[in-house]
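Report on the following structure.
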Amino acid sequence: MTGVKRFFRTYRQFTRSGMQELVAYRANFICFFIGEIMSAFIMYFVWKAVFLSTDSETFMGFTMEDMVVYLFIAFLTGYLTYSDGAFAVGEEIVDGSIAFRMLRPCSFEMCFLFKELGSRIISIAMIFVPIVAGVEVYRFCVTGEVRLDPVCFGFYLLSTAIAYLISFYFNVCYGYIAFFFKNLWGTSLIKETLVGFLSGGTIPLAFLPAGLATVLNFLPFASLAYTPVMIYMGMYPIGEILWRMALQLFWLLVMIGVSKLVWNSAVRHLSIQGG
């Protein structure tokens with residue numbers, strides 16, 4: 001118990017720092033959020049046009065109601081699980097501050113993790129309830145009944161927490177590439193686009209060819225968005241939910257292990273630009 005208290009006492013300052021940083025740059029946060037929610041509404045009108053152009057009430061097994069819920073819950077999940085660990089690591093390598101961080105008697109990864117958790121606390125407080133409430137009001141207006149399943153919602157929250165940790169360690173691993181390439185800006189754009197597609201954040205994986213969808217469902221990217229969203233929507237029975245979450249835990253352990261291996265290799269290639 002003493003070790004646990006010491007652990008949280010060590011890193012809680014980083015959580016506070018993350019909260020203060022988000023509050024200090026709140027205009028940036030608000031503009032980013034508005035831009036993202038606008039893109040979600042644009043996708044809504046695109047899919048509405050798709051459904052209006054078909055004679056069927058369903059498209060690839062999704063109704064328009066399902067599609068609206070998927071779009072906004074996928075947006076929410078993507079926002080909550082987003083990690084800028086790759087950017088943070090890359091910036092510290094460029095300006096040389098990583099050398100000082102490596103001298104501190106604390107875990108390199110935990111410093112970033114707890115700092116991000118601070119910003120996530122504020123994000124959840126500001127956007128989680130309004131978006132979930134809006135989605136459920138929409139479902140009630142369309143169907144005339146409350147569709148939120150408390151069991152699925154609880155599993156969704158847990159699945160989203162695991163998805164965030166997978167995203168964090170994946171981005172940390174990616175950030176370590178800066179030890180070799182020194183700059184990640186260009187490749188980060190490619191990474192974000194590919195992850196958005198492979199995770200189901202752009203379109204549901206169920207819309208892809210069956211063979212490709214099956215493969216992508218087993219890759220770690222599906223655990224970032226598709227799995228939590230489908231759990232929220234009640235698309236999986238309990239047995240499938242447990243299987244999907246077990247797969248998430250597997251990929252989390254893999255990402256943690258890979259981050260350790262990449263770190264041990266990367267620090268041997270450390271060279272500070274301009275230093």
Side-chain angles (χ1 to χ4, degrees), residues 29-54 57-83 119-164 166-167 192-193 195-208 213 216-217 221-236 241 244-245 248:
F29 165 77
I30 293 172
C31 292
F32 179 80
F33 173 72
I34 291 175
E36 290 296 305
I37 200 69
M38 286 177 63
S39 67
F41 274 103
I42 290 172
M43 292 301 297
Y44 162 77
F45 287 112
V46 169
W47 283 108
K48 184 177 181 179
V50 170
F51 276 88
L52 290 175
S53 66
T54 62
E57 294 185 355
T58 62
F59 180 80
M60 302 294 290
F62 278 61
T63 64
M64 185 59 195
E65 176 209 341
D66 293 333
M67 200 66 232
V68 170
V69 175
Y70 186 93
L71 285 174
F72 285 95
I73 297 301
F75 157 74
L76 174 63
T77 304
Y79 196 87
L80 295 179
T81 60
Y82 174 76
S83 172
S119 63
R120 288 293 165 271
I121 292 172
I122 296 181
S123 297
I124 291 172
M126 293 184 65
I127 71 174
F128 183 81
V129 173
I131 291 180
V132 171
V135 167
E136 292 308 317
V137 168
Y138 166 81
R139 295 172 91 181
F140 180 80
C141 293
V142 172
T143 65
E145 59 184 16
V146 177
R147 300 294 298 274
L148 182 64
D149 185 334
V151 175
C152 289
F153 185 68
F155 278 121
Y156 165 77
L157 294 177
L158 182 57
S159 178
T160 301
I162 300 172
Y164 167 70
I166 295 173
S167 175
E192 293 298 331
T193 302
V195 171
F197 174 76
L198 297 176
S199 67
T202 305
I203 60 172
L205 298 184
F207 289 9
L208 302 177
L216 294 182
N217 266 297
F221 305 107
S223 296
L224 301 178
Y226 190 69
T227 294
V229 175
M230 295 295 278
I231 290 175
Y232 180 97
M233 296 175 64
M235 294 293 194
Y236 294 147
I241 289 175
R244 295 291 177 182
M245 293 185 66
Q248 282 186 299

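Worth knowing before you read on, the calculation uses all heavy atoms, side chains too, and leaves out hydrogens, waters and symmetry mates.
- Each of L216, L205, L208, L224 was evaluated against L198; a single residue qualifies, L216, per the side-chain contact (heavy atoms from CB on, under 4.5 Å) test.
- Residues R244 and N217 have side chains in contact (heavy-atom distance under 4.5 Å, counting atoms from C-beta outward).
- Of all heavy-atom pairs between S199 and V195, the closest is OG-O, 2.7 Å.
- Within the model, atoms CE of M230 and OH of Y70 stand 7.0 Å from one another, a figure rounded to the nearest 0.5 Å.
- For the pair I166 and Q248, the tightest heavy-atom approach, listed with the atom from each and the gap, is CD1-O, 3.4 Å.
- For the residue pair S159 and M245, the shortest heavy atom distance occurs at N-CE, 3.9 Å.
- When all heavy atoms of I203 and W47 are compared, the pair lying nearest together is CG2-CZ2, 3.9 Å.
- L157 places a side-chain heavy atom less than 4.5 Å from the side chain of F153.
- Between M43 and F72 there is no side-chain heavy-atom pair separated by less than 4.5 Å.
- Between the NZ atom of K48 and the CE atom of M67 there is a distance of 14.5 Å, given to the nearest 0.5 Å.
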Are M64 and V142 close enough, and set up right, to give a side chain to side chain contact (heavy atoms under 4.5 Å, CB included), and what steps lead you there?
CA-CA 10 Å; M64 185 59 195; V142 172; over 6 Å; no
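- Of all heavy-atom pairs between P228 and S223, the closest is CD-O, 3.6 Å.
- No more than 12 heavy-atom neighbours from other residues, nucleotides or ligands sit within 6.0 angstrom of CZ on F41.
- Closest approach of E65 to R139, counting heavy atoms only: OE2-NE, 3.7 Å.
- Relative ring orientation between Y226 and Y236 is described as perpendicular, the plane-to-plane angle rising above 60° on a 0-90° scale split at 30° and 60°.
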Take Y79 and I131 through the test side chain to side chain contact (heavy atoms under 4.5 Å, CB included) and record every step on the way to the result.
CA-CA 12 Å; Y79 196 87; I131 291 180; over 6 Å; no
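- Rounded to the nearest 0.5 Å, atoms CD1 (I73) and CG (L80) are 9.5 Å apart.
- In this structure the side chain of F128 reaches within 4.5 angstrom of the side chain of L76, judged on heavy atoms.
- In this structure the side chain of V68 reaches within 4.5 angstrom of the side chain of Y44, judged on heavy atoms.
- A donor-acceptor pair shorter than 3.5 Å cannot be found between the side chains of T160 and Y232.
- The closest donor-acceptor contact from the side chain of T81 to the backbone of T77 lies under 3.5 Å.
- Once rounded to the nearest 0.5 Å, the distance linking CZ of F155 with CD1 of I241 reads 6.0 Å.
- A distance of 6.0 Å or more separates the ring centres of F51 and F62.
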